[in-house]
Structure formats: structure tokens, C-alpha cells
Amino acid sequence: MISYAGALAIDPDNDRCWQNQALLLEQLGRYAAALSSYNNLLDIYSRTQPPQAALWVLDKQAELRQRLEQREDNP
């Protein structure tokens with residue numbers, strides 16, 4: 001996490017960093033933080049790539065929201 005934070009401080013539009021950070025946070029079970037990283041990734045995509053490129057991120061966010069809801073239902 002420290003390495004990603006450092007890299008993003010240098011280049012906040014580094015989509016690979018945001019993607020890898022989101023994946024790491026997801027693996028750590030930090031779904032809300034992963035969603036935030038995916039939001040940043042969507043922001044970058046909206047400025048630099050065609051809208052279709054973000055569809056997989058939207059799918060991933062929906063999956064994480066479902067995991068968060070399940071976690072809240074079963075504390």
C-alpha cells in the first residue's frame with residue numbers, strides 16, 4: 001500500500017496503480033477502500049479512454065457493493 005501511495009503521489013493519473021491498489025485492497029477485504037480506488041480509476045478512464053473501457057470497473061464495483069452488503073447482513 002505504501003508503494004502505491006508513493007507512486008500515485010507522483011502520478012495521480014496512473015491507471016495501473018489505481019487498478020492494482022484496488023485489487024490488493026479487495027484481497028485484503030477492504031472493500032470500501034477498493035471501491036474508492038475503482039472510483040479514481042473510472043475518473044481517469046472518463047478523461048483518457050473511450051467510455052466502453054470502464055465497463056469492467058462498473059462490474060467490479062457492483063460485485064464489491066454486494067460483498068459489502070453481505071458483510072453487513074452477517075456481521
* **Heavy-atom closest contact (I44 atom, P12 atom, distance)** => CD1-O, 3.7 Å
* Asked: Can you get from Y38 to L8 by hopping between Ile, Leu, Val, Met, Phe, Trp and Tyr side chains that sit under 4.5 Å apart?
  -> yes
* Residues two or more places apart in sequence or in another chain: which of them pass side chain to side chain contact (heavy atoms under 4.5 Å, CB included) with N40? -> W18, S36
* Asked: Under the 4.5 Å side-chain heavy-atom rule for ILVMFWY, direct or indirect, which residues accompany I10?
  -> none
* Asked: If we only count heavy atoms from C-beta on, is the C17 to D11 side-chain gap below 4.5 Å?
  -> no
* **Taking every non-hydrogen atom, the tightest pair across L35 and L68** => CD1-CD1, 3.6 Å
Please list every donor-acceptor pair under 3.5 Å in which a side-chain atom of residues 58-66 meets a protein atom from a residue at least two apart or in another chain.
residue: K60; atom: NZ; partner: E26; partner atom: OE1; Å: 3.4
residue: K60; atom: NZ; partner: E26; partner atom: OE2; Å: 3.3
residue: Q61; atom: NE2; partner: N39; partner atom: OD1; Å: 2.5
residue: E63; atom: OE2; partner: R67; partner atom: NH2; Å: 2.7

* To do: Take Q19 and V57 through the side-chain contact (heavy atoms from CB on, under 4.5 Å) test and state the conclusion after the steps.
  => CA-CA 9 Å; Q19 180 179 353; V57 179; over 6 Å; no
* Asked: Which distance, rounded to the nearest 0.5 Å, do you find between the OG1 of T48 and the CG of D43?
  -> 9.0 Å
Solution key, residues 27-34 side-chain donor-acceptor pairs under 3.5 Å, sequence neighbours excluded:
none

* Between atom CG of N14 and atom OH of Y4, what is the distance when rounded to the nearest 0.5 Å? -> 10.0 Å
